[in-house]
Amino acid sequence: MAQTITEKIIARLAGRASVRPGDFVEASVDQTWSDDLGAPLTLDLLEQYGIDKVFDPERVFITSMVNAPAQNAHFAAVLRHIRTMAGKCRI
């Protein structure tokens, strides 16, 4: 069966001839990102595992697109936490 364009891209980045839905691959990515919903969990896991920098700060970014501007004190604290952790990880 022919691959979709997404499967072709993932296969190329994983150094494989083909991939199928359900395959687990290790791929070299051009960029990676997180938003203000996922970033706190991701950054906390990095800290938990003692990771204090990302593989390439030029290819990693975090965006505040869901809860910015902060609607209340809780979301303001979340955004402040993201900025603090991103600074520690040199993002």
Side-chain angles (χ1 to χ4, degrees):
M1 182 165 96
Q3 295 185 90
T4 66
I5 186 67
T6 302
E7 291 167 340
K8 290 177 182 180
I9 292 167
I10 292 171
R12 180 178 55 83
L13 294 173
R16 295 172 58 169
S18 66
V19 296
R20 300 176 343 137
D23 287 352
F24 287 92
V25 300
E26 188 171 322
S28 173
V29 296
D30 298 326
Q31 291 183 333
T32 187
W33 71 279
S34 189
D35 61 20
D36 50 343
L37 293 178
L41 174 64
T42 303
L43 293 168
D44 287 347
L45 284 172
L46 292 176
E47 184 175 49
Q48 179 181 343
Y49 287 103
I51 300 169
D52 63 354
K53 62 182 178 176
V54 296
F55 66 99
D56 183 351
E58 296 295 321
R59 298 190 305 165
V60 177
F61 66 97
I62 299 173
T63 181
S64 297
M65 62 184 201
V66 178
N67 294 308
Q71 300 172 15
N72 56 42
H74 170 74
F75 291 121
V78 169
L79 295 174
R80 185 171 33 259
H81 176 66
I82 291 170
R83 285 192 303 273
T84 301
M85 291 303 299
K88 287 182 181 179
C89 292
R90 302 177 186 101
I91 298 174

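- Linking Ile, Leu, Val, Met, Phe, Trp and Tyr whenever their side-chain heavy atoms come within less than 4.5 Å puts Leu45 and Val60 in one cluster.
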Taking distance alone, no hydrogens or angles, what donor-acceptor pairs closer than 3.5 Å link side-chain atoms of residues 47-56 to residues at least two apart or in another chain?
| residue | atom | partner | partner atom | Å |
| --- | --- | --- | --- | --- |
| Asp56 | OD1 | Glu58 | N | 3.0 |
| Asp56 | OD2 | Arg59 | NE | 3.3 |

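- Once rounded to the nearest 0.5 Å, the distance linking CD1 of Ile82 with OG of Ser34 reads 7.5 Å.
- Cluster annotation: Leu41 and Phe75 are assigned to distinct hydrophobic clusters (Ile/Leu/Val/Met/Phe/Trp/Tyr, side-chain heavy-atom contacts under 4.5 Å, transitive).
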- prompt: Run the side chain to side chain donor-acceptor pair (under 3.5 Å) check on Asn67 and His74 step by step: do they pass?
  reply: CA-CA 10 Å; Asn67 294 308; His74 170 74; over 6 Å; no
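- Between Ser64 and Leu79, the shortest heavy-atom distance links the atoms OG-CD2, 3.5 Å.
- With hydrogens and angles disregarded, no donor-acceptor distance shorter than 3.5 Å links the side chain of Asp36 to the backbone of Ala39.
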Side-chain donor/acceptor pairs under 3.5 Å, residues 9-27, sequence neighbours excluded:
| residue | atom | partner | partner atom | Å |
| --- | --- | --- | --- | --- |
| Asp23 | OD2 | Arg20 | N | 2.7 |

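- Using a 4.5 Å heavy-atom cutoff, the side chains of Leu46 and Lys88 are not in contact.
- With values rounded to the nearest 0.5 angstrom, Trp33 atom CH2 is found 10.5 Å from Thr42 atom OG1.
- At a threshold of 4.5 Å between side-chain heavy atoms, the hydrophobic network of Ile, Leu, Val, Met, Phe, Trp and Tyr places Met85 and Phe61 in two separate groups.
- Leu43 has its side chain within reach of Ile62: a pair of non-hydrogen atoms, C-beta onward, lies under 4.5 Å apart.
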